[in-house]
Amino acid sequence: MEWLSYEKKLKELGYSDKDIATIKPAFIFAEEAHKNEKRMSGEPYFTHPVAVSLYIANLKLDSSAISASLLHDVVENQGIKIESVKKEFGQETAFLVEAVTKVDAIKYKGIEREVESLRRMFLALAEDIRVVAIKLMDRLHNMETLEFQEKEKQQRIATETLELYAPLADRLGMWEIKAKLEDLAFPYINPEKAEWLKSQVDEKRKRGTKFLEKLKPELENELKQDGVEPVKISYRTKHLYSIWKKLQKYEMDFGRILDIVAMRIMVRDVAECYKTLGVIHKLWRPMPGRIKDFIALPKPNGYQSLHTTVFGPEKNIIDFQIRTVEMDREAEFGVAAHWAYKTPLGKKPEWVNKLQEWYNEHKNTSQNEILSALKIDFFKDRIFALTPKGDVIDLPDGATPIDFAYHIHSEIGDRMFGAKINGKM
């Protein structure tokens, strides 16, 4: 990509002339550094840092993060000293480049490699979330071009993506990035199942989208009468790997997955979210147990939205998601959506601090045990339970009331003798 095209994209994303002037020298430097280098696809290597930096720009991170994305491979691939980067581009950009390089420079194999990847990722998280954002975007672009790698490497990278990078994106609230990483990894992990599932879902998606398009004018008319004009109404197809996980949970019964296609309604503010929910329930009968209010009770990773499933016309079951534009951006980009470096908004999520503490306590444990425990404690699907005071307790899927009790306080865990489930002991 030529500089003028790149500059145009940055302007479209809202970057100022001052930001662009800061980024330009990094673009030119990286282009020159990688000029004789090719990717496995045969493309110029420079296409990779450019793609990563534009993903970072799309997250609306600052000019230092974009510059570091452009330069993230010059130290490792071209042997350029970090001192040179610091001299040319300043302390902050050099710090980010060096931190990304440290995460990349892993020479171990097998379990040791995976544990070391985790360790360095945690250290990077503790230092600056931008480092992990660059690593996630680096992995996203590598996954998009994974077809050019040899089969053994494809398997390793896809497995690592599924077990480490996708859950990490999820914990940072970067839900769309997490889903893309999972969908890109799935065909390499289980090609036959991925192909079969895609053929099954394609037809259901077409049918579902066609039905929702037919329904849209009726809903818009009803919303207008109640004074709500949606900013946007779109149709979201559930990501392939997410459907696969649900199918495994529901004994491969497609009939139990009610949200393969959902209508997503974006409105101006929180009041309109609840108003829209009321209009939908006035039009169609809601399904018991399927109304979820993640606005009043956001998920620990920051996700907010109203979800409801209704019995629609022609015996169709319809899934709705209602949120503001800001909530939609957060659902896609997580902590990066309200990035403000060195302000309270830019601080690390609480679970990052807990993760750091946990790792420090267990660093002398065997590699196998560390990896196993981490996959249970931090990278498994999450369930959220409420305390009587309304606090949200974040637990791994499969947790029991005993885990909940210990999470509140060890003494409660030690003394508990039973639990009430749906009002029964």
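Computation of the quantities below employed the complete heavy-atom set of this structure, encompassing side-chain atoms and omitting hydrogens, waters and symmetry-equivalent molecules.
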Practice problem: Could you grab the distance from atom CG of L283 to atom NE2 of H281, nearest 0.5 Å is fine? | Solution: 10.5 Å
Quiz item: Which value, rounded to the nearest 0.5 Å, describes the distance between M143 atom CE and L146 atom CG?
Solution: 5.0 Å
Exercise. Might you point out which heavy atoms bring S64 and E92 nearest each other, and give the distance in Å?
Key: OG-CD, 3.7 Å
Self-check item: Nearest heavy atoms of V267 and P230, plus distance in Å
Solution: CG1-CA, 4.3 Å
Practice problem: Determine, step by step, whether H72 and T101 satisfy the side-chain contact (heavy atoms from CB on, under 4.5 Å) criterion, reporting the C-alpha distance in whole Å, the side-chain angles of both residues, the deciding distance to 0.1 Å, and the verdict. | Solution: CA-CA 7 Å; H72 79 271; T101 305; over 6 Å; no
Self-check item: Polar side-chain atom of Q154 near backbone of E147 as donor-acceptor pair, under 3.5 Å
Solution: yes
Practice problem: Return the set of residues passing ring pair (Phe, Tyr, Trp, His ring centres under 6.0 Å) with F211 (not counting sequence neighbours), or none when no residue passes. | Solution: none
Self-check item: Validation row: M327, S305 side chains within 4.5 angstrom (heavy atoms)
Solution: no
Practice problem: Check whether more than 12 heavy atoms from other residues, nucleotides or ligands sit under 6.0 Å from atom CD of E251, and answer yes or no. | Solution: no
Quiz item: Quick one: salt bridge (charged side-chain N to carboxylate O under 4.0 Å, His left out) partners of K238, sequence neighbours excluded?
Solution: D259
Self-check item: Residues R139, E144: salt bridge by 4.0 Å N-O rule
Solution: no
Exercise. Walk me through it: do V310 and M287 pass the test side-chain contact (heavy atoms from CB on, under 4.5 Å)?
Key: CA-CA 5 Å; V310 302; M287 187 180 280; over 6 Å; no
Self-check item: Salt-bridge contact K245-E182 (side-chain N to carboxylate O under 4.0 Å)
Solution: yes
Quiz item: Where the side chain of H239 meets the backbone of Y241, is there a donor-acceptor pair that is under 3.5 Å apart?
Solution: no
Exercise. Assert yes or no for the condition that the ring centre distance of F95 to F89 is strictly below 6.0 Å.
Key: no
Self-check item: Aromatic Y165 / basic K135 pairing, under 6.0 angstrom, 45° off normal
Solution: no
Quiz item: Just wondering, are more than 12 heavy atoms of other shown residues or ligands nearer than 6.0 Å to CD1 in I402?
Solution: no
Self-check item: side-chain contact (heavy atoms from CB on, under 4.5 Å) between E229 and E220, intermediate numbers included
Solution: CA-CA 8 Å; E229 285 196 35; E220 281 179 320; over 6 Å; no
Quiz item: Is there a donor-acceptor contact under 3.5 Å linking the side chains of T145 and R39?
Solution: yes
Exercise. Classify the side-chain pair D138/Y55 by whether it contains a donor and acceptor separated by less than 3.5 Å.
Key: no
Quiz prompt | Test log, rule salt bridge (Lys or Arg N to Asp or Glu O under 4.0 Å), inputs E314 and K214 | solution = CA-CA 12 Å; E314 301 169 32; K214 214 165 77 176; 3.3 Å; yes
Quiz item: Is the backbone of K18 close enough, under 3.5 Å, to the side chain of T22 for a donor and an acceptor to pair up by distance?
Solution: yes
Practice problem: May I ask you to test the I421-P401 pair for a side-chain heavy-atom distance under 4.5 Å? | Solution: yes
Quiz item: Between CG of L136 and CG of L168, what distance do you get to the nearest 0.5 Å?
Solution: 5.5 Å
Practice problem: Mark yes or no for whether T209, through its side chain, and R205, through its backbone, hold a donor-acceptor pair below 3.5 Å. | Solution: yes
Quiz item: Counting only N and O atoms by type, is there a donor-acceptor contact under 3.5 Å from the side chain of D403 to the main-chain atoms of T400?
Solution: yes
Exercise. Mind checking ring pair (Phe, Tyr, Trp, His ring centres under 6.0 Å) for Y188 and listing every partner two or more places apart, or none if nothing turns up?
Key: none
Quiz item: Is the shortest side-chain N to carboxylate O distance from D183 to K180 below 4.0 Å?
Solution: no
Self-check item: Charged N-O contact under 4.0 Å between K206 and D202
Solution: no
Quiz item: How about E272 and I322: do any of their side-chain heavy atoms sit closer than 4.5 Å?
Solution: no
Quiz item: Can you tell me how far CD1 of I291 sits from CG of L306, rounded to the nearest 0.5 angstrom?
Solution: 10.0 Å
Practice problem: Please name the pair of heavy atoms, one in T309 and one in I317, separated by the smallest distance, quoted to 0.1 Å. | Solution: CG2-CG2, 3.3 Å
Quiz item: So which heavy atom on T324 is nearest to which on M266, and how close?
Solution: O-CG, 4.3 Å
Quiz item: In terms of side-chain geometry, is the basic nitrogen of R236 or E176 positioned less than 4.0 Å from the acidic oxygen of its partner?
Solution: no
Quiz prompt | K193 to F186, cation-pi by 6.0 Å centre distance and 45° axis angle | solution = no
Quiz item: Under the 3.5 angstrom rule, does the side chain of Q304 hit a backbone N or O of R323 as a donor-acceptor pair?
Solution: no
Quiz item: If you look at every heavy atom in S69 and S53, which pair is closest and at what distance?
Solution: CB-CA, 3.5 Å
Exercise. Establish, for the pair K9 and Y6, whether the NZ or CZ atom is under 6.0 angstrom from the six-membered ring centre and no further than 45 degrees off its axis.
Key: no
Self-check item: Single hit among D226, V228, L219, T308 for side-chain contact (heavy atoms from CB on, under 4.5 Å) with T276
Solution: V228
Practice problem: Indicate whether the side chain of D319 and that of H307 have a donor and an acceptor atom separated by less than 3.5 Å. | Solution: no
Quiz item: Rounded to the nearest 0.5 Å, how far does CD1 of I177 lie from CG of N58?
Solution: 8.0 Å
Exercise. Provide the closest heavy-atom pair for G312 versus I318 in the form atom of the first, atom of the second, distance.
Key: CA-CD1, 3.6 Å
Self-check item: I243 and Q200: CA distance, side-chain angles, deciding distance, side-chain contact (heavy atoms from CB on, under 4.5 Å) verdict
Solution: CA-CA 11 Å; I243 295 171; Q200 297 290 311; over 6 Å; no
Quiz item: Could you give the distance from CG (L247) to CD1 (I257), rounded to the nearest 0.5 Å?
Solution: 3.5 Å
Quiz item: Is T93 reaching over with its side chain to a backbone N or O of G90, donor-acceptor style, under 3.5 angstrom?
Solution: no
Quiz item: Does atom CD of Q225 have more than 12 heavy-atom neighbours from other groups under 6.0 Å away?
Solution: yes
Quiz item: With the threshold set at 4.0 Å, does a side-chain nitrogen-carboxylate oxygen contact exist between D328 and K232?
Solution: no
